[in-house]
Amino acid sequence: NPVMVGPRNPTTLAYVLGQYSVLPRKIVSILTRAKTRAARDGWEAVVDELIINIRQEKGGDTKGKPHYQILADGILEDFDLSLRGIKDGAATRSFFRQLSLDLKHPTLAHAMGSAYAFESSAVPELRIVYQLLADLARQSNRTIGGSLQGFFDYHLEVWEPGHEAGLRLACQKYLLTDADRASFLEGFLAIMQSMEEWWAGMAEEATRLPH
């Protein structure tokens, strides 16, 4: 990961964490767009799975508190770092612009491959984010509190593995031809490449900040 191999100090760490937080902030909107796209072409099993994911993200299993709010409140409490009002950097804007295009792709299998890439990458991505927070905690003499720790524990061990498996199995029901599978893979790889470029862009932007 470009951020993990570059210089990491409180300023660069705070910047990258802020930029990454745009993803959980927009996750419900992204999943809703994927659900609408799947519903239009009758991929009902995928629609049902995305409904479950959206419900959880909006707080269905956390007493009505959305996952993004748990993350934002935890980082504010533990690090005195506000994620509210974070402005998208150039790399972040580029990533979400490309994601939107892939979710609108005329071939549904491509669009759903993009959505699956989003879900299947969540666990490794969150492990990196957790490590960045641990670095920030060590450098600033702070501690990751119980609420924030719970956010990562449940996402890494329960929610995200469930989302990945559920969406993978749902999509498989509709990938009936070699052409379908090739389009799905194309959409998957497009988003994985975009995420690589996003992380590289965030790392570069962070190094240009005054320290």
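Hydrogens, waters and symmetry mates play no part in the numbers below; they use all other heavy atoms, side chains included. Since the structure is predicted, the reported quantities are computational estimates derived from the model, not experimental observations.
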Could you report the tightest heavy-atom contact between [X] and [Y], atom names first, then the distance?
X      : Y      : result
Val3   : Ala203 : CG2-CB, 3.8 Å
Leu175 : Arg181 : O-NH1, 3.0 Å
Ala34  : Leu103 : CB-CD2, 4.2 Å
Glu205 : Ala91  : OE2-N, 2.9 Å
Thr207 : Pro7   : CG2-CG, 4.1 Å
Gly89  : Gln19  : N-OE1, 2.7 Å

If you draw a 6.0 Å radius around [atom1] in [X], do more than 12 non-hydrogen atoms from other residues or ligands fall strictly inside?
X      : atom1 : value
Tyr174 : OH    : yes
Gln131 : CD    : yes
Lys65  : NZ    : yes

[X] side chain vs [Y] backbone, donor-acceptor pair below 3.5 Å:
X      : Y      : result
Gln56  : Trp159 : no
Ser94  : Ala90  : no
Asp41  : Trp43  : no
Ser100 : Arg97  : no

Is [Y] close to [X] at the side-chain level, that is, under 4.5 Å between some pair of heavy atoms?
X      : Y      : value
Glu164 : Val123 : no
Lys58  : Val28  : yes
Ile144 : Phe152 : no
Thr62  : Tyr154 : no
Tyr68  : Lys26  : no
Ser147 : Ile70  : yes
Ser114 : Phe188 : no
Met195 : Glu125 : yes

If I take atom [atom1] from residue [X] and atom [atom2] from residue [Y], how far apart are they, to the nearest 0.5 angstrom?
X      : Y      : atom1 : atom2 : result
Leu81  : Ile86  : CG    : CD1   : 6.5 Å
Gln69  : Glu57  : CD    : CD    : 13.0 Å
Thr143 : Phe79  : OG1   : CZ    : 8.0 Å
Glu196 : Phe95  : CD    : CZ    : 11.0 Å
Ile191 : Glu186 : CD1   : CD    : 11.5 Å
Arg8   : Asp135 : CZ    : CG    : 4.5 Å

Check the pair Thr12 / Tyr15 against side chain to side chain contact (heavy atoms under 4.5 Å, CB included), numbers first and verdict last.
CA-CA 5 Å; Thr12 59; Tyr15 178 79; 5.6 Å; no
side-chain hydrogen bond (donor to acceptor under 3.5 Å, both in side chains) between Gln149 and Tyr130, intermediate numbers included
CA-CA 9 Å; Gln149 184 67 52; Tyr130 183 81; 2.7 Å; yes
May I ask whether [X] and [Y] are part of the same hydrophobic cluster, defined by side-chain heavy atoms of I, L, V, M, F, W, Y residues being less than 4.5 angstrom apart, directly or through others?
X      : Y     : result
Val47  : Leu31 : no
Leu169 : Val46 : no
Leu133 : Leu76 : no

When you look at Asn53 and Glu119, which way does the side-chain hydrogen bond (donor to acceptor under 3.5 Å, both in side chains) test go after all the steps?
CA-CA 10 Å; Asn53 296 2; Glu119 292 285 27; 2.9 Å; yes
Would you sort out whether Asp180 and Ser183 count as a side-chain hydrogen bond (donor to acceptor under 3.5 Å, both in side chains), showing the intermediate values?
CA-CA 5 Å; Asp180 292 336; Ser183 293; over 6 Å; no
Electrostatic pair Asp88-Arg25, nearest N-O below 4.0 angstrom:
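Here Asp88 pairs with Arg25 in a salt bridge, since their nearest N and O are under 4.0 Å apart.
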Identify whether the distance between the nearest side-chain nitrogen and carboxylate oxygen of Arg142 and Asp78 falls below 4.0 Å.
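Answer for the salt bridge query: no.
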Hey, which of Leu83, Thr92, Leu126 is the one that makes side chain to side chain contact (heavy atoms under 4.5 Å, CB included) with Tyr20?
Leu126
Start with the C-alpha gap between Gln98 and Trp198, add the side-chain angles, then the distance that decides, and say whether side-chain hydrogen bond (donor to acceptor under 3.5 Å, both in side chains) holds.
CA-CA 10 Å; Gln98 187 58 50; Trp198 182 34; over 6 Å; no
For the residue pair His155 and His67, categorise the inter-ring angle as parallel (less than 30°), tilted (30 to 60°) or perpendicular (more than 60°).
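Ring orientation of His155 relative to His67: perpendicular.
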